[in-house]
Structures are given as C-alpha cells and as structure tokens.
2 protein chains.
Amino acid sequence: MVTIYEVAAKAGVSPATVSRVFNGMPVSAEKVDLVRAASDELRYSPNKTARRLRNQTSEIVALLIPDIENPFFTALARGVEDALQAAGYSVVLCNTDDDPDKETHYLDIANSENMAGVILAPVAEDGDIRRLTDRGRPVVAIDRQTGLNIDSVMVDNPAAGIAATSALLDAGYTKIACIAGPVVLEDTEGRALGWRKVVTQRTGAPPLEAYLQHANYRVDGGRLAMQALLALPEPPDAVVSTNNLMAVGAIQVLSEAGLVPPDFGVAVVGDLPFATLPPRAITQVHLPARHLGTTAANMLLERIGGDDQPARTVVLRAQITKSSTPVSAR
Amino acid sequence: MVTIYEVAAKAGVSPATVSRVFNGMPVSAEKVDLVRAASDELRYSPNKTARRLRNQTSEIVALLIPDIENPFFTALARGVEDALQAAGYSVVLCNTDDDPDKETHYLDIANSENMAGVILAPVAEDGDIRRLTDRGRPVVAIDRQTGLNIDSVMVDNPAAGIAATSALLDAGYTKIACIAGPVVLEDTEGRALGWRKVVTQRTGAPPLEAYLQHANYRVDGGRLAMQALLALPEPPDAVVSTNNLMAVGAIQVLSEAGLVPPDFGVAVVGDLPFATLPPRAITQVHLPARHLGTTAANMLLERIGGDDQPARTVVLRAQITKSSTPVSAR
DNA sequence: AGACCCGAAGAAATCGGTTTCGTCAAGGTG
DNA sequence: CACCTTGACGAAACCGATTTCTTCGGGTCT
C-alpha cells in the first residue's frame, strides 16, 4: 500500500503538499506536476480509512430496508443508489428483516463507521436513530414514519388504498376483501383504512370484519390470507392487497382454485414487476418506488451539505392504472 | 463521540488497558469491572475507523453483483449476507450493471476501504481483481469465471441448459428455440450450448440459427427476443430462456399473443419467484442461488482466516422440476 | 529603505484505536 | 536471600491522511 509519504519523498516535497494537491488547495504549478508525476508512477490512491479518521466523515451512506428480496425495496434502493452515486457517494445496503435488533445493529455500525448519513424504512418507533442525529448525522425516513422530527418521504397510503378499492368497485365487484400487513405497521394500516372507508361509503355498510386479513408482507402471508378468505361462508369476489408480494401469493392461490383474474377481482397497492399475467387483468396502484429513493437521497444530500431547515415530510402520490375489466364485459 | 481515553480516565486506567479489555487480552478481574462499568455508563462504542486504520483490515466484505433488481442475485445476496452476518461480518452490496468501469470503481473502493474481502460476479475477464489479491485480500468469483486463479462457485450451466431443453422435448414439443444472454457472457453460452447439443442429438439436426436469440438479461430483452421468434416464418412451439427475467418477458409476450403456457412450451434456467401462473405450466430449472451465496461466503471466510490452499472451483448442480404438461395430455 | 502583507510550503499535531516496549511487583527456585 | 520468570499494565509509537501553526521569500505601500 503506497502512502502519501512515499509520494512526497519521490516528488521531493512534504506530505502536506501532496495532500494539498489532492484536495485542490493552492500549490505552485511546478510542485503540482512533481506530485502528479510521482503519484501516477507509484499508482498512489489515498487511504480512505485514514482520511475518514481525520475528517470524521466518509462518503458512505447506509440504506436500511426490511427485505432486499422485495422488488419494491430493490427499486427504491436503485433510486437511492443512482442519486447518491451521481454525487460521489457509495451506498451500503442493509437488511433489517423488520427486526428492531438488526436495525439497531446497523445503526450502530453506521455510527461507528462514521458514515455520512442514513436512509431507512424504520421498524421501531424510535429505534436508536437519536444516536445518529445527536452527532449531527442526517437521517431520512422512507416509506414509514418515525416518532422523531426528521426528514421523511412517504406515500399517500390512504389515497392508494382508496384508489385500489374504488377501481374494483367501478369494475362491478361487490364483495371486496383486503389483505393487509401486520397490525403493528402503520403504512399498511393507512391503505387498509382507505379500503374500509371506500367500501363503507359506496356500499352503505362497513365491510365484514372477516374480510380484513392481516398477514406478513411476503408471498406466503398472501397465500394464507387468500386461503382464509376463500374458506369463508360467504367468500368475497375481489380482494385488495396492500403490498406487492402478498398479492402474488393471493393470485397464486386464486389460480390454483381456478379463479384467474379478472374472474376474481384483484387490486394491489404496489407493482408486480415480474407478473406473467396479461397486464390488464389486475389493477395496480403503482408506487413510485424509485422516485421515493431519489427523493430521499436528495434530501439527505442537502442535509449532508449543511442545510438545517426544519424537518420536512414529502408525500408522493401513487399512480393508478385503471385496467380491471368491468364485470359487465366479461 | 466518546473515546477510549474518556473511558480510561473514568475507570482510572490507561487506554491500553481499556483496549485490552475489549479485545479479550489478559486483564485483572478488578480492572475489567472498572472498565466495563465506565464504558457502560458512557455508552462507549469503539470507533471502527480508528481500529481499521491501525489493523489494516475491517469486518466488511463487498459483494458485487450485476443487478440488484434481479431476484436471482437478491437471493444470492441473502445467502452471502446470512453466512457472513453469522461470522460477525457486514456486507456491502454494489451494483455493477455489467459495466466494467463500475466494477473497477467498486474494487478500488474495496481496496482503499481496507475491506476484508470481495465476492463478485465478474464482468470483465480480468478486471482489477489483481489489485486486491496482490495485497492478500481474498476474492471469490461467483456465477461467472475469471481468467484468474481464484476461488469460484459456479453452476453447471451446460447441464442446466440440457435439463431445460430435454424437459420440453419430453413433453412433446418439437420446435424449440432459445433466448440466451449477451454473446460476451460465458455462463449463458454454456446454457445455450446445452440447448444446441440436446436439440441436435434428439432431433437429428441442429436447430435453426434463427431459433437462438441473444438479448440483454432483463425483461425487455426477453420481450424483444420472443417477439422476434414469433415473427419468424416458421415460429417455434417452445422456448428455453437462459435466465429468469428474460423468461418473464417472453411469457408476457406469449400471454399477450394468446399463447399461454403450456399451449406454448416454456422452460427457464432459473426461478420465477413471483410467478402468478399455475406452477405446473412452466418448467423451471431451479438455480441454487442462496446456496451459491452461502458457499462463496464460507470459502471467503476460510481465506480470511488464513487458509492458503490452492484455488478451488465448486460447481453446484441445478435442480429440475419436471412439470410441463405433455402435449398429448392437452 | 523599512515596515507590512500575502501566498506557498514544511513541521508537527491530530483523529482514536492497537501494540510494542519497558517497568514493576509477585511468586518460584537454588 | 539473591536471582529469575511471569504477568499486569502504563507510556509511547504507530496506522495514513488532514490541518493548524510556523517560517520564509517576495512583493507593495509609505
């Protein structure tokens, strides 16, 4: 590992001068040439660890998401990465698995690694985010709220739930169920709230309690929930899934039962990026996953740049594709 | 940021002793208690950057993959992460986008960040991997070969291609096309080679040249390739896709054309984790993505531990699900 | 010409751990 | 009792960059 001292020796200058050359501080043209020549010859590249120790910061940002195998979060991650990459930062991706302990663990790492900032989809209400913010490290919450007063980027969840449910009602379905996430997580609650509200308003009565199923956010959760719905004495004729993977599970169960959409109405809050069904069979309320990521990244960059205006919350709207075939047309 | 000096002062010992306590070196029980008490009270956590500068290494491993939005690589990443996490290491995920420049960039970062090792699906034949290995940093190749003499974990690609193609022939399809990846990448070539070999052997004649389509590895590539195949004067009645995402694109085009599998035979090397079709409609040759990851991670850990036996290549077999409905049964 | 100022550049301190080296006391041996 | 070994532990060097402090040379102003 070639150090700044070796470059300095070869160029016949002091290490300080070499450092100045690399950081754009004023150095005479003559010495700049000497240093450049020496460092090229030795293939010098600065040791980031040493620089970080001295500067107390690095060009690395941590991104904490619950599940890297969920396409929603990978799209979001791409957005974050693209924006930060362009600004010269690197991104470290961390899976929290919706586990508060893992979240704490990674926040500790971000702290002790002197990372420039953190973007996270919070699990715990008030994790150990304070540890970061107390040291002046910016933190941006994404997709989910925290109890803290920090920047955040959200989706308008009730509106998304309303849009998904309305589309099914418009298409002529009458008995609309909902597969929502774990009770503890608030974002899916917002979507389920939208569902309940629309059903109540437009049918004149609140939905059956059994029509609201709680599941984990994964494919198997969707499967179990859909099976439970189909086993009801009065099964629904359509379902709203509050996330993408649960919808996949639900559709799998429906296909296996011979109820291929649109014979059974399906609307999903989120995208099915690898869906192999004809696109018009299912109503998707597209979530701006990538945009969520770029927005959060840019907010973080502003904070890293020293911006200290009061905390902001940006709410992005989901965009509906109204494509369910109306019942009458079947 | 509370440092080791503050802890030492509070405990009434030297910084060296505090360090020894945290690293399990022999220290009298009495002082251990003092140090523990002091560090708990101050909520001390060691500064990893300083430690890394001194030790010239860190508990961080870089994982370079082409595309984080491809479920194959996310599953692989989970495997890597699970294995390394258990050993106390953290994983940094990097997207190369199959771009040699990005690969080089991230390898440089791994180098200047003093990371403990690198696992990568190589893009370039000989990237700048040498820079790492020359410094004694272990590197493990995954899914794709390099020209270098380093540990690697591969899939038996020709066998996977053979299995996929054979399953379609067994099911009664006769005109079998193949959608392969970009010409430059060797793994998909292995799979396409398997396809060509089986078709030639079992039909007595090599496949039409036009039945081999090259595409990028993504959904849109699969779409374009499938469209080209359907537009042929003599279109095929089945297709082998050498990766998962291209298969999704192909199936989408088929559905749109009214040719839902198994009316048109589809076999894919790889998994369709979020498929919404009935599972038996498509032949999947399952790739052990996660296992690939854990295997690579464990090999890397051995190398980090100082193992210096000659470079190994582990070849994992794909596992076929024979599930295409025979033509006769339709 | 002398006082003053400014920019360039070297010496040295600094970031926060780890580790070598040296000291000192306790315990064991001849 | 003198000598040697052993183990705990503090002082200080060290990792490699950045930055403050200081010095020095060459203008400019009066």
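So that the names make sense, note that chain A is the first sequence line, chain B the second, and so on, each numbered from 1. These values consider heavy atoms only, across backbone and side chains, with no hydrogens, waters or symmetry-generated copies.
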(message) What's B:Y5 touching, base or sugar-phosphate or nothing? Going by heavy atoms closer than 4.0 Å.
(response) base

(request) Nearest-nucleotide wise, let me know which of B:Q56 and B:V13 is further upstream toward the 5' end of DNA chain D. (result) B:V13

(message) Can you measure A:L53 atom CG to C:dT18 atom P for me and round it to whole angstrom units?
(response) 12 Å

(message) Checking side chain to side chain contact (heavy atoms under 4.5 Å, CB included) between B:V35 and each of B:V13, B:I4, B:V27, which is the one that passes?
(response) B:V13

(request) May I have the step-by-step check of side chain to side chain contact (heavy atoms under 4.5 Å, CB included) for A:L93 and B:I68, ending in yes or no? (result) CA-CA 10 Å; A:L93 252 170; B:I68 198 191; 3.1 Å; yes

(message) Roughly what angle, to 10°, lies between the helix axis at the start of the helix from C:dA1-D:dT30 to C:dG30-D:dC1 and the one at its end, five pairs per end?
(response) 50°

Grab the N/O contacts between the protein and nucleotides 19-22 of chain C below 3.5 Å, and write none if there aren't any.
unit_1	atom_1	unit_2	atom_2	d
C:dT19	O4'	B:R54	NH2	3.3

(request) For B:R51 and D:dC14, give me the distance from atom CZ to atom C1', rounded to whole Å. (result) 16 Å

(message) With a 3.5 Å distance limit and no angle check, can you tell me whether A:N216 reaches the backbone of A:R218 through a side-chain donor-acceptor pair?
(response) yes

(message) B:D97: which residues meet the salt bridge (charged side-chain N to carboxylate O under 4.0 Å, His left out) condition with it, sequence neighbours left out?
(response) A:R78, B:K102

(request) Please work out if B:V2 contacts a base, only the sugar-phosphate, or nothing of the nucleic acid, heavy-atom cut-off 4.0 Å. (result) sugar-phosphate

(request) For B:A121, enumerate each residue passing the side chain to side chain contact (heavy atoms under 4.5 Å, CB included) test, keeping only those at least two apart in sequence or located in another chain. (result) B:P66, B:F73, B:I142

(message) Does C:dG16 have OP1 or OP2 under 4.0 Å away from a side-chain N or O of B:T3?
(response) no

(message) Assess, by modelled atom type and distance only, whether the side chains of B:R135 and B:N114 contain a donor and an acceptor separated by less than 3.5 Å.
(response) yes

(message) Can a donor-acceptor pair be found, under 3.5 Å and without considering hydrogens, that links the side chain of B:N70 to the backbone of B:F72?
(response) yes

(request) Could you check how far NZ of A:K31 sits from C1' of C:dG10, rounded to whole Å? (result) 9 Å

(request) Answer yes or no: is there a donor N or O on one side and an acceptor on the other, between the side chain of A:N111 and the main chain of A:L107, under 3.5 Å? (result) no

(message) Give me each pair satisfying side chain to side chain donor-acceptor pair (under 3.5 Å) with a member in residues 79-89 of chain B, each pair once, sequence neighbours excluded.
(response) A:N95-B:E81, A:Y106-B:E81, A:Y106-B:Q85, B:D82-B:R290

(message) Please list, in numerical order, the residues of residues 38-50 of chain B that have a heavy atom closer than 4.0 Å to any atom of DNA chain D.
(response) none

(request) Could you tell me the separation between the CD1 atom of B:I4 and the C1' atom of C:dG17, rounded to a whole number of Å? (result) 6 Å

(request) To the nearest Å, give me how far apart CE (A:M1) and P (D:dG16) are. (result) 8 Å

(message) Any carboxylate oxygen within less than 4.0 angstrom of a Lys/Arg side-chain nitrogen, looking at A:R52 and B:E113?
(response) yes

(message) Check whether A:N47 reaches the backbone of A:T49 with its side chain - one donor and one acceptor, N or O, closer than 3.5 Å.
(response) yes

(request) Measure from CZ on A:F22 to P on D:dG16 and round the result to the nearest Å. (result) 16 Å

(request) Take the protein atom CD of A:E30 and the nucleotide atom P of C:dA8, then report the distance between them rounded to whole Å. (result) 13 Å

(message) Determine whether a donor-acceptor pair (N or O, by modelled atom type, separation under 3.5 Å) exists between the side chain of A:E6 and the backbone of A:T3.
(response) yes

(message) Nearest whole Å is fine: how far is D:dA17 P from B:N114 CG?
(response) 10 Å

